[in-house]
Amino acid sequence: MALRKLGQDPDSPDGKSPTVYLDEKTGHYVLQGWKVTDTERLAQMDVPEYETVIEFPRRMMRFFPEVKDVGTTDA
């Protein structure tokens with residue numbers, strides 16, 4: 001798997017997370033964020049045993065190419 005880092009949160013207190021990666025083989029995004037452990041929030045979701053839930057700040061959306069390219073034109 002070839003992961004390409006697309007962006008890292010410049011406001012992260014420790015400079016390590018959250019981070020957006022692109023798996024260049026599958027075309028899927030891989031997200032690193034804060035693990036959700038709040039039972040009240042988790043109870044509102046149907047999360048299978050083989051999945052996990054992370055919290056990801058809205059400000060990080062700018063690193064997704066689909067969002068970054070909105071409003072641009074090819075010249």
Side-chain angles (χ1 to χ4, degrees):
M1 172 173 24
L3 291 181
R4 179 169 42 115
K5 185 190 286 189
L6 299 179
Q8 193 166 7
D9 187 357
D11 296 334
S12 175
D14 61 4
K16 296 182 181 177
S17 181
T19 307
V20 179
Y21 298 91
L22 174 64
D23 181 325
E24 293 181 328
K25 184 175 180 181
T26 66
H28 295 168
Y29 292 109
V30 178
L31 305 178
Q32 177 182 341
W34 304 293
K35 187 174 183 177
V36 175
T37 58
D38 178 16
T39 55
E40 186 176 331
R41 291 166 76 193
L42 291 170
Q44 297 177 52
M45 297 181 260
D46 184 17
V47 183
E49 186 65 31
Y50 55 87
E51 293 183 358
T52 191
V53 177
I54 65 163
E55 189 163 342
F56 197 76
R58 184 180 292 195
R59 67 180 172 265
M60 295 293 294
M61 294 299 294
R62 67 182 179 198
F63 295 112
F64 291 93
E66 295 85 353
V67 175
K68 183 186 275 187
D69 296 336
V70 169
T72 63
T73 57
D74 293 337

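Only a predicted model underlies this, so the values are computations on that prediction, with no experimental measurement involved. Just so you know, these numbers use all the heavy atoms, side chains as well, and skip hydrogens, waters and symmetry mates.
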Fill in the blank from the handout: Between the CG atom in Leu22 and the OG1 atom in Thr26, the distance rounded to the nearest 0.5 Å is 7.0 Å
Practice task
For the residue pair Trp34 and Ser12, establish whether any side-chain heavy-atom pair is separated by less than 4.5 Å.
Solution key: no
Practice task
Give a yes or no on whether Asp38 atom CG has more than 12 heavy-atom contacts from other residues, nucleotides or ligands under 6.0 Å away.
Solution key: yes
Handout entry: Test item: Arg59 and Asp9 side chains (from C-beta on) under 4.5 Å apart, heavy atoms
Key = yes
Exercise for the section: Identify whether Val30 and Val53 are in the same connected component of the hydrophobic contact network (ILVMFWY, side-chain heavy atoms under 4.5 Å). Expected result: no
Completion exercise
Tightest non-hydrogen contact, residues Lys5 and Tyr21, listed as CA-CD2, 3.8 Å
Exercise for the section: Give a yes or no on whether Leu42 and Ile54 share a hydrophobic cluster (residues Ile, Leu, Val, Met, Phe, Trp, Tyr; joining criterion: side-chain heavy atoms under 4.5 Å apart). Expected result: no
Exercise for the section: Output the distance between atom NZ (Lys35) and atom CD (Glu55), rounded to the nearest 0.5 Å. Expected result: 14.0 Å
Problem - Nearest-0.5 Å distance, CD of residue Gln44 to OG1 of residue Thr39 - result: 10.5 Å
Exercise for the section: Could you tell me which non-hydrogen atom of Pro10 sits nearest to which non-hydrogen atom of Arg62, and how far apart they are? Expected result: CG-NH2, 3.2 Å
Practice task
Indicate yes or no: at least one non-hydrogen side-chain atom of Leu31 is less than 4.5 angstrom from one of Val20.
Solution key: yes
Practice task
Report the distance from atom CG of Asp23 to atom CZ of Arg4, rounding to the nearest 0.5 Å.
Solution key: 11.0 Å
Handout entry: Minimum heavy-atom distance Pro18-Gly33, with the two atoms named
Key = CB-CA, 4.1 Å
Handout entry: Contact check, side chains of Phe64 and Leu6, non-hydrogen atoms, under 4.5 Å
Key = no
Handout entry: Rounded distance (nearest 0.5 Å) linking atom OG1 of Thr19 with atom CZ of Phe56
Key = 8.0 Å
